[in-house]
Amino acid sequence: MNYTFNIDKEFDLIAIGRACIDLNANEYNRPMEETMTFTKYVGGSPANVAIGSAKLGLKVGFIGKLADDQHGRFIESYMREAGVDTSNMIIDQEGHKTGLAFTEIKSPEECSILMYRDNVADLHLAPSELDEEYIKKSKILLVSGTALAKSPSREAVLKAVSLAKRNDVKVVFELDYRPYTWNSIEETSVYYSLVAEQSDILIGTRDEYNVMQNTAKGTNEETVRYLFKHSADLVVIKHGVEGSCAYAKSGAIFTAKSYKTKVLKTFGAGDSYASAFLYALVRGKGIESALKFGSASASIVVSKHSSSAAMPVAEEIEGLIAERV
Ligand SMILES: Nc1ncnc2c1ncn2[C@@H]1O[C@H](COP(=O)(O)OP(=O)(O)O)[C@@H](O)[C@H]1O
Ligand SMILES: O=C(O)C[C@@H](O)[C@H](O)C(=O)COP(=O)(O)O
């Protein structure tokens with residue numbers, strides 16, 4: 001089953017949200033207290049998705065706010081060189097900082113992230129800094145849930161969603177729930193629901209949909225029943241190593257298994273999944289195939305050290321899918 005986009009748009013995907021720094025532990029299988037060195041990469045979920053999609057060959061843009069410092073300049077030049085259009089990345093003028101994510105790899109199954117996100121530039125993107133003419137040019141506006149955590153970024157995202165909707169741009173909501181940026185689950189649920197009800201496609205884990213629904217134990221059936229009453233016509237629910245499924249409004253359900261690999265760390269799975277899933281969908285490969293692309297890309301990235309720098313090219317994904325039929 002295919003999903004259709006407005007083919008007259010210049011950009012395939014424009015992401016909105018944070019572009020930050022990941023500092024990934026070089027010493028594995030130990031707690032961060034004992035980690036002495038880290039490697040720097042560009043990070044932040046929507047930036048990772050943008051880089052992954054660009055590497056696959058989509059025409060990608062990014063809307064966000066960067067610190068006016070060495071880290072901000074590193075992020076902008078890395079993303080530009082990765083093929084992402086950075087013309088709508090605003091440079092902060094008020095001294096806000098770049099978000100940092102230190103990663104801990106205690107074991108392949110036990111990874112965690114320590115975030116430094118006080119006063120970060122990305123959450124200071126203001127509604128007045130959006131350009132409707134830019135958003136209008138894209139098939140997809142990819143919204144990261146974390147950008148809804150604080151004002152003025154919250155209002156900027158809500159405005160971007162309404163600009164997308166009035167310009168025939170599909171809204172894709174990546175729930176991307178990071179508890180440390182929110183005051184409470186109640187607060188998250190309010191803003192997640194607001195955007196979810198306006199989104200065409202949603203991508204999240206079972207736990208993230210539970211946060212959206214402010215419930216401890218939601219079911220996929222309840223989630224899609226709620227979302228299909230609103231704008232959604234495709235809902236992707238990820239279940240970690242168990243795989244993922246996509247529910248179409250027509251009633252069709254597609255499932256995909258994960259691709260077994262030698263896992264180095266678990267983070268990066270969701271972002272690589274989203275970038276390859278959307279790539280396949282935009283290229284008209286169909287929903288079932290898009291789930292395989294997402295799963296294969298995630299399998300490649302969890303076996304490598306970084307999230308952004310490890311994003312695969314299409315041939316690697318196709319090779320893995322062909323090898324495992
Ligand atoms: N250990 C793993 N090995 C191989 N693939 C994995 C593994 N963990 C996750 N994946 C793949 O990545 C996808 C997204 O992972 P998941 O953990 O559900 O999302 P997130 O990273 O957003 O929490 C899964 O549907 C699966 O295909
Ligand atoms: O999103 C962040 O701020 C951190 C990411 O850059 C990091 O690479 C990561 O956690 C990715 O994990 P995922 O969202 O599970 O793909």
Side-chain angles (χ1 to χ4, degrees), residues 15 17-25 38-52 64 71 75 78-79 98-105 107-117 120 122-123 142 144-147 149 173-181 202-211 220 236-246 254-277 290-312 317 320-321 324:
R18 69 191 182 287
C20 302
I21 301 272
D22 282 354
L23 290 155
N24 289 2
F38 298 84
T39 298
K40 179 176 84 169
Y41 301 102
V42 168
S45 175
N48 289 337
V49 178
I51 291 165
H71 292 316
I75 294 166
Y78 183 91
M79 290 182 70
T98 302
L100 305 177
F102 292 87
T103 60
E104 177 179 54
I105 309 174
S107 76
E109 296 78 35
E110 211 190 339
C111 300
S112 70
I113 303 181
L114 178 64
M115 303 289 279
Y116 280 57
R117 287 190 53 75
V120 282
D122 59 87
L123 289 173
L142 176 84
S144 145
T146 299
F173 186 24
E174 217 310 341
L175 271 59
D176 178 35
Y177 176 60
R178 310 280 169 169
Y180 34 74
T181 38
L202 292 99
I203 306 175
T205 63
R206 182 62 256 156
D207 289 347
E208 289 175 325
Y209 286 107
N210 288 349
V211 170
N220 291 358
V236 177
I237 307 185
K238 300 174 289 177
H239 295 271
V241 75
E242 304 300 318
S244 55
C245 36
F254 307 88
T255 57
K257 294 199 173 100
S258 67
Y259 292 89
K260 290 224 168 355
T261 187
K262 190 168 176 347
V263 178
L264 172 66
K265 43 83 176 149
T266 50
F267 49 86
D271 300 339
S272 46
Y273 182 100
S275 59
F277 175 81
L291 287 177
K292 288 186 184 166
F293 267 70
S295 310
S297 178
S299 165
I300 293 166
V301 169
V302 295
S303 71
K304 303 206 171 147
H305 192 241
S306 83
S307 298
S308 56
M311 293 288 175
I317 296 179
L320 179 58
I321 295 174
R324 303 288 177 93

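Every value quoted in this text rests on a predicted model; they were computed, and no experiment measured them. All values below come from the heavy atoms of this structure, side chains included, with hydrogens, waters and symmetry mates left out. Every number for a ligand or one of its atoms is a count from 1 in the order of the listing.
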Among protein heavy atoms, which lies nearest [atom], and at what distance?
atom                    : result
atom 4 (C) of ligand 1  : Y259 O, 3.3 Å
atom 2 (C) of ligand 1  : V241 CG2, 3.7 Å
atom 14 (C) of ligand 1 : K238 CD, 3.8 Å
atom 1 (N) of ligand 1  : V263 CG2, 3.5 Å

**Asked** If hydrogens are left out, which of S45, S258, G294, S244 has an atom nearest to atom 6 (C) of ligand 1, that is, the closest non-hydrogen atom?
**Response** S258
**Asked** Which is closest to atom 26 (C) of ligand 1 by heavy-atom distance: A298, G268, G240?
**Response** G240
Between [atom1] of [X] and [atom2] of [Y], what distance do you get to the nearest 0.5 Å?
X    : Y    : atom1 : atom2 : answer
E208 : D176 : CD    : CG    : 6.5 Å
S275 : E174 : OG    : CD    : 10.0 Å
S244 : I203 : OG    : CD1   : 10.0 Å
D22  : T103 : CG    : OG1   : 6.5 Å

**Every residue of the protein that comes under 4.0 Å of ligand 2, judged on heavy atoms** = R18, D22, G43, G44, S45, N48, I113, M115, R178, F267, G268, A269, G270, D271, S307
Interfacing atoms of ligand 1 (cut-off 4.0 Å, heavy-atom, [X]):
X    : result
Y273 : 13 (C), 25 (O)
S295 : 27 (O)
G270 : 20 (P), 21 (O), 22 (O)
G243 : 25 (O)
A269 : 9 (C), 12 (O), 15 (O), 21 (O)
T205 : 18 (O), 19 (O), 20 (P), 22 (O), 23 (O)

Show every donor-acceptor pair shorter than 3.5 Å between a side-chain atom in residues 108-117 and any protein atom, with sequence neighbours excluded, or say none if there are none.
| residue | atom | partner | partner atom | Å |
| --- | --- | --- | --- | --- |
| S112 | OG | E104 | OE1 | 2.7 |
| R117 | NH1 | D122 | OD2 | 3.2 |
| R117 | NH2 | D122 | OD1 | 2.7 |

Strictly distance-based, threshold 3.5 Å: is any side-chain N or O of [X] a donor or acceptor partner for the main-chain N or O of [Y]?
X    : Y    : value
H305 : K265 : no
S306 : Y41  : no
S297 : S272 : yes
R324 : K260 : yes
S299 : Y259 : yes

**Complete:** Residues I317 and F293: closest non-hydrogen pair is CG2-CD2, 3.6 Å
**Fill in**
At under 4.0 Å between heavy atoms, what of F267 touches ligand 1? The answer is neither
**Message:** Given S308, which partner from the list D271, N48, I75, V49 fulfils the side chain to side chain contact (heavy atoms under 4.5 Å, CB included) test?
**Reply:** N48
